[in-house]
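These notes concern the structure reproduced below.
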There are 2 protein chains.
Amino acid sequence: MTLKHNDSDCQIGYTITMPRSGEPARRRLQQAAVELFCERGYDQTTTAEIAARAGVTERTFFRHFPDKREVLFDGQAILREMLTVAIAEAPVTLQPLEVLYRAFRSVEQLLEDNRPFSVPRQQVIDRAPALQERELAKVAALAEALALALRQRGVGERLAALAAQTGMATFRYAVASWFADPAGGLGTHLDRAFDELDGLAASSSTRKARRRR
Amino acid sequence: MTLKHNDSDCQIGYTITMPRSGEPARRRLQQAAVELFCERGYDQTTTAEIAARAGVTERTFFRHFPDKREVLFDGQAILREMLTVAIAEAPVTLQPLEVLYRAFRSVEQLLEDNRPFSVPRQQVIDRAPALQERELAKVAALAEALALALRQRGVGERLAALAAQTGMATFRYAVASWFADPAGGLGTHLDRAFDELDGLAASSSTRKARRRR
DNA sequence: TTTCGTTATGTCAGTCTATGACTCTAAAAC
DNA sequence: GTTTTAGAGTCATAGACTGACATAACGAAA
């Protein structure tokens with residue numbers, strides 16, 4: 001209890017009237033979690049240890065995050081917001097996948113800026129199956145948001161879902177290869193991934209006739 | 001140490017001892033789990049209750065299933081096997097998505113037979129976020145298996161991953177609409193889903209030129 | 001300043017999932 | 001028969017969460 005946050009009013013003084021924001025503790029918890037997960041791995045780290053390093057109690061951890069995994073998944077909101085806005089604002093003449101391609105390009109800078117944090121985070125996730133499950137859930141939710149945004153542009157119900165899934169898979173693919181090799185920036189990897197998707201689409205042109213007996 | 005396989009040319013007669021099958025208990029646990037999940041929901045059911053209804057101890061539950069969720073996910077192995085075989089045996093001239101389409105058609109009967117069990121199971125999953133996460137993980141693993149099977153046909157590394165993801169999304173989409181409306185069988189829904197995917201692909205033809213500045 | 005309402009946090013007791021270590025038992029193999 | 005072996009029971013415990021209540025910090029109003 002004798003915890004006087006000496007680090008209050010650090011950079012951004014959110015001036016809105018709000019008694020005790022709780023944000024500093026939240027950030028300390030996230031920081032402590034990433035550190036400990038990197039040092040010992042996800043399974044070998046207890047929530048009590050995370051809380052201790054952050055200078056709070058275990059109960060406080062669960063007030064800020066609904067479960068142990070969630071402490072690593074917090075940036076999705078901004079990403080979703082930017083993508084849906086980009087989709088909504090895209091020229092009406094564009095086809096679904098083109099809309100998505102442009103939306104992904106529009107968050108390029110955001111991801112580039114976050115790279116120093118994202119890469120170690122991804123390493124942690126890649127080593128813990130429980131975290132991979134959560135990530136897949138987040139990706140699915142994001143794809144659902146993209147589909148919704150597409151529908152609001154007039155894209156058909158079912159086509160929107162398919163396009164969102166396909167676009168999302170392509171995006172994830174590009175991000176993964178950009179994580180492994182930052183050369184050329186995310187844009188280069190996005191272009192290559194969507195080019196390959198084009199190839200996949202083109203190769204299916206002969207399929208329809210063949211399928212119909 | 002004293003592992004005496006009857007070492008002579010054994011391929012099929014591989015059965016090294018098998019005291020007490022353990023299969024009945026396993027099935028009772030699965031049955032009890034589905035029932036209880038339907039009655040009270042996943043979160044409101046404890047592993048102890050499942051075990052009690054199956055007539056075994058809670059400890060035995062965790063000997064058969066690594067965690068509480070896994071009791072609902074057990075049929076994936078057969079499905080994966082059938083799909084990978086179908087992919088491996090498809091004519092070499094076919095394009096990736098056509099290969100996947102045919103593979104999915106080849107498991108149609110299996111899914112139709114399992115429908116009485118699959119539909120209530122899916123209802124349970126749809127109501128429990130924790131189960132949805134696990135399902136997404138299973139789907140991702142299956143997609144990875146499909147990609148591997150495609151690569152062994154000579155499909156490029158990256159293209160295989162993209163095709164598997166896209167095909168899997170389309171398949172899931174078809175299954176979901178077949179769950180909702182069994183009319184015409186799964187085949188009809190598969191055809192429609194892949195037709196829509198074709199539409200998505202066709203609409204991207206103008207994209208490449210536009211993207212290049 | 002004091003008081004008051006709001007909010008973050010602490011404290012504590014408890015439930016549930018999951019696992020390790022051990023024993024017991026029945027069926028299979030000899 | 002005897003031995004082997006794996007399924008199942010028992011006990012103890014760690015760790016992830018949760019509800020209930022008390023307390024401390026802070027902003028705002030008196």
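Just so it is clear, the values below take in all heavy atoms, side chains as well, and ignore hydrogens, waters and symmetry mates. We name chains A, B, ... by the order of the sequence lines, and we start the count at 1 in each one.
Taking both residues in full, the closest heavy atoms of B:R115 and B:F179 are given as NH2-O, 3.3 Å, listed atom of the first, atom of the second, then distance. Considering all non-hydrogen atoms of both residues, A:L83 and A:A103 come closest at CD2-O, 3.5 Å. Taking each heavy atom of A:L111 and A:W178 in turn, the nearest pair found is O-CH2, 3.3 Å. Annotation for A:G187 and A:E108: closest pair N-OE2, 3.0 Å, computed over non-hydrogen atoms. Here the closest non-hydrogen pair linking B:L72 and B:R121 is O-NH1, 2.5 Å.
Taken residue by residue, residues 29-37 of chain A places no heavy atom nearer than 4.0 Å to DNA chain D. For DNA chain C, no neighbouring residue in residues 120-135 of chain B is found when judged by any heavy atom under 4.0 Å.
One N or O on the side chain of B:S118 and one on the backbone of B:N114 form a donor-acceptor pair closer than 3.5 Å.
Within the structure, side chain to side chain donor-acceptor pair (under 3.5 Å) contacts touching residues 31-42 of chain A (residues at least two apart or in different chains) are A:Q31-A:E35, A:E35-A:R53, A:E39-A:R53, A:R40-A:E49. For residues 57-69 of chain B, every residue pair satisfying the salt bridge (Lys or Arg N to Asp or Glu O under 4.0 Å) rule, not counting sequence neighbours, is listed here: A:E133-B:R69, B:D67-B:R134.
For D:dG7, the OP1/OP2 oxygens have no side-chain nitrogen or oxygen of B:H64 closer than 4.0 Å. For B:T60 and D:dG9, the shortest distance from a side-chain N or O to OP1 or OP2 is below 4.0 Å. Contact check, B:T57 against D:dG9: a side-chain N or O comes under 4.0 Å of OP1 or OP2.
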Which atom pairs link the protein and nucleotides 18-22 of chain C when you take only N or O atoms and keep those under 3.5 Å?
residue : atom : partner : partner atom : Å
C:dA18  : OP2  : B:K68   : N            : 2.7
C:dT19  : OP2  : B:P66   : O            : 3.3
C:dG20  : N7   : B:R59   : NH2          : 2.9
C:dG20  : O6   : B:R59   : NE           : 2.8

Scan the side chains in residues 144-168 of chain A for donor-acceptor partners under 3.5 Å anywhere in the protein, sequence neighbours excluded, and list what turns up.
residue : atom : partner : partner atom : Å
A:R151  : NE   : A:E157  : O            : 3.2
A:R151  : NH2  : A:E157  : O            : 3.4
A:R153  : NH1  : A:I87   : O            : 3.0
A:R153  : NH1  : A:A90   : O            : 2.9
A:R153  : NH2  : A:P91   : O            : 3.0
A:R158  : NH1  : B:E196  : OE1          : 2.9
A:T166  : OG1  : A:L162  : O            : 2.8

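For the pair B:Q44 CD and D:dC17 P, the interatomic distance rounds to 16 Å; values are reported in whole Å. One interatomic measurement links the two molecules: CD1 of A:I50 to C1' of D:dC17, which rounds to 13 Å at whole-angstrom precision.
When only modelled atom types and interatomic distance are considered, A:Q132 and A:D126 share no side-chain donor-acceptor pair under 3.5 Å.
Ring geometry for B:F194 against B:Y101 counts as perpendicular: the plane angle is over 60°, on a 0 to 90° scale with 30° as the lower cut.
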